[in-house]
J.: 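To start, I am sharing the structure in question, which I have written as structure tokens.
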Amino acid sequence: MDQRVRVRFAPSPTGHLHIGGARTALFNYLFARHHGGDFIVRIEDTDQKRNVEGGEAKILDSLRWLGLEWDEGVDVGGPHGPYRCMDRLAIYREHAERLLAEGKAYYCYCTEEELAAEREALKARGEMPRYLGKCRNLTPEQRAAYEREGRKPSIRFRVPEGREYVVEDLVRGTVRFETSGVGGDFVILRPDGIPTYNFAVTIDDHLMGITHVIRGEEHLSNTPRQLMIYEAFGWEPPRFAHLSLILNPNRQKMSKRDESIIQFIEQYRTLGYLPEALVNFLVLLGWAPEGEYAEQEFFSLDELVRLFSLERVSKAPAVFDPERLRWMNNHYLRQRPAEEVAKLAHPHLAAAGRLPEVLSDDQWRWLVDLVTLFQEQMGCAADIVPLSELFFREDVVYNEEAKAVLAESHVPTVLAAFRREAEALTDWNAGAVKNALKAVQKATGHKGKQLFMPIRVAVTGQTHGPDLAQTLFLLGRERVVSRLIRALDALATG
RNA sequence: GGCCCGUUGGCGAAGUGGUUAACGCACCAGAUUUUCAAUCUGGCAUGCAGGGGUUCGAAUCCCCUACGGGUCACCA
């Protein structure tokens, strides 16, 4: 590459960073870093109706959390600013006027209602909805008349007729578009002076020296319009790479209101997913490493920077598999010190009313032990809540399987023996509890499953669970003994 | 409807003319562990949406059909 690579991520500040946006940002970031180029973040805020207060800050925050630092852009500045469309209005106006002067654009006085009616009529006749070019050749008199009516014009780009525009897409290959299929002359500047996406994006990309446009597939059909604009200005267009969509587990496009899946990075963050897990998961959505790395599942950001290339990006849509994300996050969670995971888990336990917001030293140590107990089973930090339920509940509920275990004849003997041992312990700690279990084995002659299951079930109500001695220790002597007594009573009364 | 794109096991997903069709998840079976988890080993597509071609040879190239998706705005 004879030119320094410059790519950008250009979200609109409509709220939180979406999974799809995060992947696009990640691919841009990796591409830039791989080639030693620049990664720019620009805010596409030209739809004022959809802009959300604070949306920009949230998106930037999520990007940083993922570890995707940018070299230039909003809030870090740079030589090609401003990096927010709404701060660039004069630039768009100036460029639109240049097209106007050259006859490559014209004023259009149609109202939105009129245009909508036109589209409807076309659709009703089974034709492609498009702009028919009503204002394409207005005489000065006609224009004056519209002006007198008080109509404010938009500016439309004059689409060349009978042309073909070819996108040499880096992931999709050669894609051709007939000019007749793009929907007619399109608006570049609205009556209020705010540009439309297609206009703003090409001017910004050009002025910011963007060399590669890596974005979602939904923009593929916008590309010919942008190509026309590059052509009209005599600019060389960048290379394009359109990433396939991310589908939900039902193989449908993820819409923002899709309830079947958690879609925003911020939500994963609060649930206790780790950024490296998200990055690792996201990059595999439509990209696969080459050769010997094809079998590898886990990649660090640095490794990804080294391995990433657009040639390895798939055209096929990627399916978002939440189970896989959990599995991946579990992998990274297990590598973290328990203290860190405990910090992530604490807010969830507090929110569930199980622990205070502020912990004493003892409570903190207890929490760390609790997390250690469940760490290898956690898909995310929030999982601690359901996993640790039995530690916070007074009543133990026995399911059928549990009842079957308790019904065995040797159970009362084991429970009673363990109760005696538990009550006699001078110091209640994990090691002591373990010894107590050994003592019960010696006293009753029951061992293994025969020994552990009755106690586990009586105390936790479950036939599955983490290490018993540790569980009993964390439960605390009082709770253990009272549950043993209750189980014993229940068995006695039958 | 026009134009674009996709379709590999229960699931995700490699594989772009010649491989026993990777790998992971899930599942099943053994091993280990005084229980439970974890861990380890092994098993798991006679077939790549369906049908036609091209070729000595096709998941890989071409055509048709089906299904799924994108896009056709003064949204990005």
Side-chain angles (χ1 to χ4, degrees), chain A residues 10-12 14 21 44-47 49-50 85 108 110-112 115-116 119 122-123 125-131 152-156 167 169 171-173 175-178 180-184 186-192 194-198 200-201 215-224 242 244-245 247 249-253 284-286 288-291 294-298 312 314-321 323-328 334 373-377 434 437-438 441 446-457 460 462-471:
Chain A
S12 54
T14 52
E44 216 78 45
D45 56 354
T46 53
D47 185 351
K49 290 183 287 288
R50 297 208 311 178
C85 292
C108 170
C110 298
T111 63
E112 295 201 53
L115 294 168
R119 275 198 297 275
L122 285 165
K123 255 196 267 184
R125 291 206 306 260
E127 288 183 51
M128 186 183 106
R130 70 206 125 103
Y131 177 65
K152 288 263 177 273
S154 58
I155 298 176
R156 277 184 192 269
V167 183
D169 193 276
V171 317
R172 321 201 79 85
V175 186
R176 297 164 187 284
F177 293 91
E178 295 294 334
S180 58
V182 306
F186 54 91
V187 171
I188 55 177
L189 211 63
R190 300 176 173 107
D192 57 8
I194 297 175
T196 58
Y197 169 74
N198 283 111
V201 80
R215 75 227 303 192
E217 184 189 302
E218 66 271 23
H219 289 292
L220 182 59
S221 57
N222 276 321
T223 312
H242 289 94
S244 63
L245 271 348
L247 270 26
N250 306 319
R251 289 207 150 251
Q252 298 189 304
K253 190 198 181 184
L284 263 9
L285 253 29
E290 194 173 12
E295 293 183 16
Q296 191 174 322
E297 302 286 344
F298 301 107
R312 302 286 309 167
S314 168
K315 291 201 244 191
V319 176
F320 188 101
D321 180 356
E323 276 309 307
R324 186 170 164 80
L325 209 207
R326 285 181 61 79
W327 166 76
M328 192 153 268
R334 292 161 78 142
L373 200 57
F374 290 109
Q375 196 165 352
E376 62 189 19
Q377 304 170 49
K434 204 168 180 177
L437 287 168
K438 261 181 208 150
Q441 179 195 328
H446 295 292
K447 61 173 183 176
K449 214 171 199 136
Q450 302 284 296
L451 168 66
F452 281 70
M453 267 308 179
I455 298 172
R456 178 184 291 286
V457 169
T460 72
Q462 297 167 5
T463 50
H464 303 269
D467 181 78
L468 222 212
Q470 191 69 18
T471 300

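The shown structure was predicted, so the numbers you read here are calculated from the model rather than taken from an experiment. Protein chains get the first letters and strands the later ones, always in sequence-line order, with residue 1 at the start of each.
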J.: Mind calculating the distance between CZ (A:Arg456) and P (B:rU35) to the nearest angstrom?
T.: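 Roughly 10 Å, once rounded to whole Å.
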J.: Is a donor-acceptor contact shorter than 3.5 angstrom present between the side chain of A:Asn222 and the base of B:rA76?
T.: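 By the distance-only test, yes, there is a pair.
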J.: Nearest to the side chain of A:Val187 - B:rA37, B:rU34, B:rC74?
T.: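 That would be B:rC74.
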J.: Distance check needed: B:rU33 C1' versus A:Met453 CE, whole Å only.
T.: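 From A:Met453 CE to B:rU33 C1': 13 Å.
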J.: Salt bridge check: are A:Glu217 and A:Lys253 linked by an N-O gap of less than 4.0 Å?
T.: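 No salt bridge links A:Glu217 with A:Lys253.
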J.: If we take the P atom in both B:rA49 and B:rG6, what is their distance in whole Å?
T.: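 My reading of the P atoms in B:rA49 and B:rG6 gives 13 Å.
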J.: Return the nucleotide paired to B:rG10: Watson-Crick means purine N1 to pyrimidine N3 with N6-O4 or O6-N4, wobble means G-U with N1-O2 and O6-N3, both under 3.5 Å.
T.: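 Pairing partner, where one exists within any strand: B:rC25.
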J.: Can a salt bridge be assigned to the pair A:Arg172 and A:Asp169 using a cut-off of 4.0 Å between side-chain N and carboxylate O?
T.: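 Salt bridge absent between A:Arg172 and A:Asp169.
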J.: Could you work out the separation of B:rU46 and B:rG51 based on their P atoms and round it to a whole Å?
T.: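 To the nearest whole Å, 15 Å.
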J.: Nearest whole angstrom, please: distance from the P of B:rC36 to the NE2 of A:His464.
T.: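 Taking atom P of B:rC36 as the reference, NE2 of A:His464 is at 9 Å.
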J.: Checking all strands, does A:Arg130 fall into the base, sugar-phosphate, or nothing category for heavy-atom contacts under 4.0 angstrom?
T.: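 Nothing: the residue A:Arg130, judged by heavy atoms under 4.0 Å, touches no strand.
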J.: For A:Val319 and A:Arg324, what are the C-alpha separation, side-chain angles and deciding distance, and is it a side-chain contact (heavy atoms from CB on, under 4.5 Å)?
T.: CA-CA 11 Å; A:Val319 176; A:Arg324 186 170 164 80; over 6 Å; no
J.: Could you measure between the two C1' atoms, the one in B:rU54 and the one in B:rC4, and give it in whole Å?
T.: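 Per the computed distance, 26 Å lies between those C1' atoms.
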J.: Return the minimal non-hydrogen interatomic distance between A:Thr46 and A:Ile194, and the atom names on each side.
T.: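 So the two residues come closest at O-CG2, 3.4 Å.
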J.: Identify whether any heavy atom of A:Arg312 sits under 4.0 Å from a base atom; if not, whether one sits that close to sugar-phosphate; answer base, sugar-phosphate or nothing.
T.: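 Sugar-phosphate, backbone atoms only, no base.
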J.: Is there a Watson-Crick or G-U wobble partner for B:rG30 with both distances under 3.5 Å, and which nucleotide is it?
T.: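 Pair assignment: B:rG30 / B:rC40.
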J.: Provide the distance between the two P atoms, one in B:rG30 and one in B:rG70, to the nearest whole Å.
T.: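 My reading of the P atoms in B:rG30 and B:rG70 gives 47 Å.
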J.: Roughly how far apart, to the nearest Å, are B:rU33 and B:rC67 at atom C1'?
T.: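 The same atom, C1', in both gives a distance of 50 Å.
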J.: Base, sugar-phosphate, or nothing: which does A:Thr471 touch, judged by heavy atoms less than 4.0 Å apart?
T.: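 Nothing: the residue A:Thr471, judged by heavy atoms under 4.0 Å, touches no strand.
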J.: Under 4.0 Å, counting only non-hydrogen atoms across every strand here, what does A:Leu220 touch: a base, just sugar-phosphate, or nothing?
T.: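 It contacts sugar-phosphate atoms only.
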J.: According to the Watson-Crick and G-U wobble definitions, with both distances under 3.5 Å, which nucleotide is paired to B:rA49?
T.: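 Result: B:rU65.
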J.: Going by purine N1 to pyrimidine N3 plus the second Watson-Crick contact, or the G-U wobble pair, all under 3.5 Å, which nucleotide sits opposite B:rU71?
T.: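 Partner of B:rU71: B:rG2.
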J.: How would you list, by chain and number, every residue that makes a ring pair (Phe, Tyr, Trp, His ring centres under 6.0 Å) with A:Phe374, sequence neighbours excluded?
T.: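 Scan of A:Phe374 (ring pair (Phe, Tyr, Trp, His ring centres under 6.0 Å), adjacent residues dropped) gives none.
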J.: Which whole number of Å gives the distance between the C1' atom of B:rA13 and that of B:rG52?
T.: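 Their C1' atoms lie roughly 29 Å apart.
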J.: Please report the closest heavy-atom contact between A:Cys85 and A:Glu44, naming both atoms and the distance.
T.: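 Reported closest heavy-atom pair: SG-OE2, 3.5 Å.
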J.: If B:rG18 has a Watson-Crick or G-U wobble mate with both distances under 3.5 Å, name it; if not, just say none.
T.: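 B:rG18 is paired with B:rC56.
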J.: Take atom P in B:rU16 and the same atom in B:rA29, then report the distance between them in whole Å.
T.: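 Roughly 37 Å separates the two P atoms.
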J.: What's the closest nucleotide to the A:Arg324 side chain, out of B:rU35, B:rG6, B:rG24?
T.: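 Of the options given, the side chain of A:Arg324 lies nearest B:rG24.
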J.: Please give the distance between the C1' atoms of B:rG9 and B:rC25 as a whole number of Å.
T.: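 Looking at atom C1' only, B:rG9 and B:rC25 are 12 Å apart.
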